[in-house]
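Below is one structure, written out as structure tokens, with a few remarks after it.
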Amino acid sequence: MSALKRSSQVAYKRWKDTKISFVTSQTDDKSILTVHEEQPGKNEPSNEGDCTILEDSKNGSSGISETFTVEEAVEAIGFGKFQWKLSMLTGVAWMADAMEMMLLSIAAPQLRCEWRLSSWKVAFITSIVFIGMMISSSLWGNISDKYGRKVCLILCMLWTLHYGLLSAFAPVYSWILVLRGLVGFGLGGAPQSVTLYTEFLPVKSRGISIILLGVFWALGAVFEVLLAMVVMPTLGWKWLLAFSTLPLVVFAASCCWLPESARFDVLRGREDKALDTLKCIAAANGSSVPTRRLIANTQTDRGRIRDLFIPEYRKTTLLIWFIWFCNAFSYYGIVLLTTELFQAGSACSATNNSNMEPRCSLECSYLAFNDYVDLLWTTLAEFPGILVTLWMIDRIGRRKSMAICFLLFSVSILPLYACTQRTLLTVFIFIARAFITGGWQAAYVYTPEVFPTATRAIGIGTSSGMARVGALITPFIAQVLLKSSVYLTLSVYLICCLLGTVASWFLPMETTGQSLRESTQSTMEQKNMERQHGSETAESSSNTCP
């Protein structure tokens, strides 16, 4: 009882010393009430953690219980026509990303023949795209958190469109390197479409909707192969690069409709704009926004990488970075291994070059119709992985879905240690690619859910940057190390994905069915209040006589 008395005295003294000021501003049909809490020893109230309430003056009630958050508004509005339109627009951005990544593997043979390039120069054309993405991913995330998801996404897509079109006019090898590197710089912001899309989705449909965005990526890759089958034999690689920007043109023509995230507007103190956005969404979906007042926590410091390493998120950030690294390392690794092992005929003969004739480093050969068919079949392996993840993501959770995909990828490459012939080789490689595709899609669901709105974009941006590191390293394993030992090469990917399984399993938070967090301060305050409440409960229990 004495402990409870001391706690009450401390709480009363803190309340007595705290100064609370109310600032009310009036707009056309809304009143905004801002509550500032000033602690002892501070001359001015801080903007951090301000509680802002937006009230529709037509409704006119002032009871503190009659409030709602953006999360509650999104849940009340539900999934409807607006989300379908947003799915199409963000899906177009994913198609553009896939096509820009896929086209170089198709255009590379013709570039080698036309410019008499050596193998390492051809490989560097692809590497420079990953380097551009790695450099820009965190930058685009910072822009998205500071200036808005809409601004970031439009800028990066228009940037990619501009330099993608200029790539079609590259006269020499040095120009194609510079322009494709700038295209990669723009593509580094493509994952921010997931940030924007996630913040408009209700809890129940969030996982399924984000996974279905992966269908657009696969469709973009398939469309690029079909486009190449028509364009390359007649018009050449320059026209292929030009036509590959078609999804970007569609996005540029439609981006005026793209709304800014209501969660972001609330976080930067534009609650009236957020409310207008929510009302427009509700009108499009045939529903309504909750009445009375919109309440939220404003945070001025957004998009800081150091916020990813506060005690609550440090372990999560490091594990997510490693998971994204493993996904990209294994995904692009299995893509490269597919070509290498198919050319060798089997896993056993991949390192046996005794029966192969010496090849000139400048030897070139154009892709034939059968080569395009093989590329098409390889790309179609993406769809089963998406369907499997779609089935698992809400049933067993995000963490377990990623862990299972990593584990099954490892199991799928085990038969490659044997002298597997081409047919079985194809089956197991496609199964492996399906599971690593599904695991990466699950990571795209989990990452924006686990970080608060203030650091969500920078969280995705830095994770995408780590993925590009894996993509840069994997050619040295799948192509260079493979020439020495196929078994050592397979062991590297096996160990990597087993470690990815462990990392996924030990993620601290499961986000299935959880609301999106808003500001970093509110998250920490909530955790501290929960811990304080738990300690007070335990203390009061220990001092209660039976």
Distance-only check: which donor-acceptor pairs under 3.5 Å involve side-chain atoms of residues 151-161, not counting sequence neighbours?
{"from": "Trp159", "atom 1": "NE1", "to": "Leu182", "atom 2": "O", "distance (Å)": "2.8"}
{"from": "Thr160", "atom 1": "OG1", "to": "Cys156", "atom 2": "O", "distance (Å)": "2.7"}

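- To the nearest 0.5 Å, the span separating CG on Leu212 from CD1 on Ile386 amounts to 8.5 Å.
- Arg270 has its side chain within reach of Asp272: a pair of non-hydrogen atoms, C-beta onward, lies under 4.5 Å apart.
- A donor-acceptor contact closer than 3.5 angstrom is absent between the side chains of Tyr493 and Ser410.
- For Pro384, the side chain to side chain contact (heavy atoms under 4.5 Å, CB included) criterion is met by Ala434, not counting sequence neighbours.
- Residues Val203 and Gln514 fail the side-chain proximity criterion, which asks for heavy atoms closer than 4.5 Å.
- Every salt bridge (charged side-chain N to carboxylate O under 4.0 Å, His left out) that Arg433 has, sequence neighbours left out, goes to Glu382.
- Checking side-chain atoms of Asn142 against main-chain N and O of Ser138 turns up no donor-acceptor pair under 3.5 Å.
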- Query: Taking it one step at a time, do Leu213 and Tyr444 satisfy side chain to side chain contact (heavy atoms under 4.5 Å, CB included)?
  - Reply: CA-CA 10 Å; Leu213 278 184; Tyr444 264 110; over 6 Å; no

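- When all heavy atoms of Met392 and Cys405 are compared, the pair lying nearest together is CE-SG, 3.8 Å.
- Taking the side-chain hydrogen bond (donor to acceptor under 3.5 Å, both in side chains) definition, one finds that Tyr446 meets it with nothing, sequence neighbours left out.
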- Any chance you could lay out the side chain to side chain contact (heavy atoms under 4.5 Å, CB included) test for Ile404 and Ile396, step after step, and finish with the verdict? CA-CA 10 Å; Ile404 288 174; Ile396 65 175; 3.4 Å; yes

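- Contact check for Glu100 versus Thr245: side-chain heavy atoms found under the 4.5 Å cut-off.
- A salt bridge is defined here as a Lys NZ or Arg NE, NH1 or NH2 lying under 4.0 Å from an Asp or Glu carboxylate O, and Lys273 with Glu260 fails to meet this definition.
- In this structure, Lys400 places its NZ atom where only 12 or fewer heavy-atom neighbours from other residues, nucleotides or ligands lie under 6.0 Å away.
- Defined by atom type and a distance below 3.5 Å, a donor-acceptor pair is present between the side-chain atoms of Gln192 and Thr195.
- The two residues Met402 and Ala442 have their closest heavy-atom pair at CG-CB, 3.5 Å.
- Put simply, the side chain of Asp145 gets close to the backbone of Ile458: a donor and an acceptor are under 3.5 Å apart.
- Side-chain atoms of Asn285 come within 3.5 Å of backbone atoms of Phe82 as a donor-acceptor pair (strictly under, hydrogens ignored).
- Using bins of under 30°, 30° to 60° and over 60° for the plane-to-plane angle, the ring pair Phe309/Trp321 lands in the perpendicular bin.
- A 4.5 Å side-chain heavy-atom check between Ser144 and Phe264 finds every atom pair outside the cut-off.
- Taking Ala328 as the reference, Tyr332, Trp440, Ala467 meet the side chain to side chain contact (heavy atoms under 4.5 Å, CB included) condition, with sequence neighbours excluded.
- Ile334 contributes atom CD1, which lies 12.0 Å from atom CZ of Phe428 (distance to the nearest 0.5 angstrom).
- Here the closest heavy-atom approach between residue Ala503 and residue Phe322 is recorded as CB-CD2, 3.9 Å.
- To the nearest 0.5 Å, atom CZ of residue Arg180 and atom OH of residue Tyr163 are 13.0 Å apart.
- Thr474 contributes atom OG1, which lies 12.0 Å from atom OH of Tyr331 (distance to the nearest 0.5 angstrom).
- Pairs of residues two or more places apart, or lying in two chains, never qualify as salt bridge (charged side-chain N to carboxylate O under 4.0 Å, His left out) while including a residue from residues 323-332.
- Nearest heavy atoms, Thr389 versus Gly439: OG1-N, 4.3 Å.
- Closest non-hydrogen pair, Lys150 versus Cys255, comes out as CE-O, 4.3 Å.
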- Task: Tell me, with the steps shown, if Ile135 and Leu139 meet side chain to side chain contact (heavy atoms under 4.5 Å, CB included).
- Result: CA-CA 8 Å; Ile135 293 172; Leu139 176 62; over 6 Å; no

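- With values rounded to the nearest 0.5 angstrom, Glu224 atom CD is found 11.5 Å from Phe243 atom CZ.
- Inter-residue side-chain proximity for Leu319 and Lys315 is flagged as met; some heavy-atom pair is nearer than 4.5 Å.
- Side-chain atoms of Trp140 and Phe185, non-hydrogen and from C-beta on, do get closer than 4.5 Å to each other.
- The salt bridge (charged side-chain N to carboxylate O under 4.0 Å, His left out) check on Glu510 picks up Arg399, with sequence neighbours excluded.
- Among all heavy-atom pairs drawn from Ile393 and Ile208, the shortest one is CG2-N, 4.5 Å.
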List the atom pairs, with distances to 0.1 Å, where a side-chain N or O of residues 84-96 and a protein N or O form a donor-acceptor pair under 3.5 Å, not counting sequence neighbours.
{"from": "Ser87", "atom 1": "OG", "to": "Gln83", "atom 2": "O", "distance (Å)": "2.7"}
{"from": "Ser87", "atom 1": "OG", "to": "Tyr197", "atom 2": "OH", "distance (Å)": "2.5"}
{"from": "Thr90", "atom 1": "OG1", "to": "Leu86", "atom 2": "O", "distance (Å)": "2.7"}
{"from": "Thr90", "atom 1": "OG1", "to": "Ser87", "atom 2": "O", "distance (Å)": "3.3"}
{"from": "Trp94", "atom 1": "NE1", "to": "Ser193", "atom 2": "OG", "distance (Å)": "3.3"}

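- Here the side chains of Tyr313 and Pro508 are not in contact, with every heavy-atom distance at 4.5 Å or above.
- No donor-acceptor pair under 3.5 Å is formed between the side chain of Thr455 and the backbone N or O of Phe451.
- Atom CG of residue Leu390 and atom CD1 of residue Ile210 lie 12.0 Å apart, to the nearest 0.5 angstrom.
- Other residues, nucleotides and ligands place no more than 12 heavy atoms under 6.0 Å from the CZ atom of Phe506.
- A donor-acceptor distance shorter than 3.5 angstrom exists from the side chain of Thr501 to the backbone of Cys497, with no hydrogens or angles considered.
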- Residue pair Phe406, Ile436: steps toward the side chain to side chain contact (heavy atoms under 4.5 Å, CB included) verdict: CA-CA 7 Å; Phe406 275 127; Ile436 199 62; 3.9 Å; yes

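- With sequence neighbours left out, the side chain to side chain contact (heavy atoms under 4.5 Å, CB included) criterion links Cys496 to Cys326, Phe329, Ser330.
- The shortest distance between side-chain heavy atoms of Val469 and Met134 falls below 4.5 Å.
- Under the rule for a salt bridge (charged side-chain N to carboxylate O under 4.0 Å, His left out), the partners of Glu449 that lie at least two apart in sequence or sit in another chain are Arg206, Arg398.
- For Pro448, the side chain to side chain contact (heavy atoms under 4.5 Å, CB included) partners are Val194, Thr198, Arg456, Ile460, not counting sequence neighbours.
- Every residue two or more places apart in sequence or in another chain that forms a side-chain hydrogen bond (donor to acceptor under 3.5 Å, both in side chains) with Trp324 is listed here: Thr447.
- Looking at Glu75 and Lys204, no side-chain N of the basic residue comes within less than 4.0 Å of a carboxylate O on the acidic one, giving no salt bridge.
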